[in-house]
Amino acid sequence: MTDDEPNERRTADRDFDVDLDDVLEDEEDDEEGGLFDDLLSGEPIFENKEVLRPSYTPHELPHRNEQINNMATILVAALRGETPSNILIYGKTGTGKTASAKYVSQELENTSRKYDVPCEVEYINCEVTDTQYRVLAQLANTFIEQNRDYARGRIRDIESLIEDAEDDPSALAETEFESVRDAERRLEDLERDLEEMEEVPMTGWPTDRVYSVFFEAVDYVERVAVIMLDEIDKLVEKSGDDTLYNLSRMNSELDNSRVSIIGISNDLKFTDFLDPRVKSSLGEEEIVFPPYDANQLRDILQHRSKDAFKADALSEDVIPLCAAFAAQEHGDARRALDLLRTAGELAERDQSDVVTEEHVRRAQDKIELDRVVEVVRTLPTQSKLVLFAIMMLEKHGVHNINTGEVYNIYKTLCDEIDADVLTQRRVTDLISELDMLGIVNAVVVSKGRYGRTKEINLSVPIDETEAVLQADSRLGDIENVTPFVQARFDN
DNA sequence: CTTCCACAGGAAATCCTGGCGC
DNA sequence: GCGCCAGGATTTCCTGTGGAAG
């Protein structure tokens, strides 16, 4: 039932576009001038779609109380002016690590403001900020910014204090200053500090200079700084553990302030690559976020859907189904939400005012297709060629393709587009890679007398794959190779 | 039971690229 | 700008193997 509909899209296939919202306008509605009318007139399904996006931080995180309390117990030290232990958070994608950590840090900052304890949390996503330099520069700049605000505030306070004191000298009695002169001296200091605070440029400085600027910025006022490093494994992978080493030993040299690190990692084993010293200081406390099971996912979806959808926009089996699908894929809440959102979008496009089970199933297919399209699109050329060869064979009705056949076609394809021809050894590896990506299915079988080989089958929709492959500029003009394939069959 | 196909897939050698210190 | 090196991709060379055919 899902295979029927791509037909009408044939003509537009060349310009393969995966984004749902874009396809939307082309597909239905040929009426001039009424492009958006129909879409608008339908009963909207979403109340607030943002709630379903991964970037949204919810106010409540069902089934994460234990982890959240755990973090809070550790971080409460910051509010007493002590250094909290460093925390390492583990968990697969979509288990609520980032959301929980952000929630806790928000609460921490709120409370610190309430009791007037200086405590700040800095969030850094190491996938974006992925080198030691960038991490330090970003931290330095945010702290510098804060210090400036602080200095300006103090300057204002002192100025008005001096003004008061000129009228009535007793105004100074309750303050730290002994005289107007003293206050003025302090004022000058602050202004000079403000002058000297220099922002770290995006690039150009030696790393140790950035480090010392950062160091001084942190130490400028008394405070507890919590540094949250999301996707910390990416940082370690790309630029080693120097950053972490520097950060974790900072405390012994700071006079006024304290730093504490929260590391968030997808990879349970990433500490294996760390210097033992870093490892022990970073992992003082470890919190694990296990994957959600289907019931927990259902609660989460239930919870979010209240804000996301109009009342009664979901038929009752929608949420359990989304939860079940996502639970099969390692309990990823992000996936579950994505599924629900996509299902809603599909329903919206159907002008339906209720999201049904059917929409969820289609959403599941669509997400899977998008994933495949993305994977295939970003494949290296050689892998694309191998896949192309498999696809051509499949297209001619060959199933259980074996390596030799693929290799032969592959060679002619390479000739055709003037690419390097890899060895068969290498091609078998490429096939295995495609297998691991789930694009093809390859099983080693023995055909007795006729040797031992892989049996390969395409495990993705053939038309879409072809479209994506031909969208590659280097593979675009390959169509006329069909005779080659044909010729091979005749032998 | 032996043979022998048509590869799989391990190990080491080689090529290539980009970063780093000077 | 240059040599050096790490580490990834690829090649070369190789041994291993399940089971139909004989």
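All values derive from a computational prediction rather than experimental measurement. Lettering follows sequence order; numbering is per chain, from 1. The basis for the numbers below is simple: all heavy atoms, side chains too, and nothing from hydrogens, waters or symmetry mates.
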Checklist line | A:S446 side-chain N/O to C:dT17 phosphate OP1/OP2 under 4.0 Å | finding: no
Note to self: If you only use heavy atoms from C-beta on, which nucleotide in B:dC4, B:dC7, B:dG9 is closest to the side chain of A:V444?
What the structure shows: B:dG9
Notebook entry, point to check: So, is A:T403 near the phosphate of B:dA8, with a side-chain N or O under 4.0 Å from OP1 or OP2?
Noted result: yes
Notebook entry, point to check: Tell me: CD of A:E433 to C1' of C:dT10, nearest whole Å?
Noted result: 12 Å
Next item on the list: With heavy atoms under 4.0 Å as the rule, sort A:V443 into base, sugar-phosphate or nothing.
Entry: nothing
Note to self: For A:D420, I'd like to know if atom CG has over 12 heavy atoms of other residues, nucleotides or ligands within 6.0 Å.
What the structure shows: no
Margin query: Between A:D230 and A:C126, is there a side-chain heavy-atom distance shorter than 4.5 Å?
Written below: no
Notebook entry, point to check: Starting at CG of A:L422 and ending at C1' of C:dT12, how long is that distance when rounded to a whole Å?
Noted result: 14 Å
Next item on the list: Measure the distance from CD on A:E455 to P on B:dA6 and round it to the nearest whole Å.
Entry: 15 Å
Item checked: Donor-acceptor pair, side chain of A:N457 and main chain of A:N400, under 3.5 angstrom -> yes
Item checked: Atom-pair distance (CZ on A:R426; P on C:dT12), nearest Å -> 14 Å
Next item on the list: Would you mind telling me which of C:dG19, C:dA20, B:dC7 lies closest to the side-chain atoms of A:R452?
Entry: B:dC7
Margin query: So does A:R377 get a backbone contact from the side chain of A:K384, meaning a donor-acceptor N/O pair under 3.5 Å?
Written below: yes
Item checked: Rounded distance (Å) that lies between atom C1' of B:dA6 and atom OH of A:Y450 -> 13 Å
Checklist line | Rounded interatomic separation in angstrom, taking CG from A:N400 and C1' from B:dA6 | finding: 16 Å
Checklist line | Rounded distance (Å) that lies between atom P of B:dA8 and atom CD of A:Q424 | finding: 7 Å
Margin query: How many whole angstroms separate atom NZ of A:K447 from atom P of C:dA20?
Written below: 12 Å
Checklist line | Any A:F325 side-chain heavy atom under 4.5 Å of A:E329 side chain | finding: no
Next item on the list: Check if the side chain of A:R425 and the base of B:dG9 share a donor-acceptor pair of N or O atoms closer than 3.5 Å.
Entry: yes
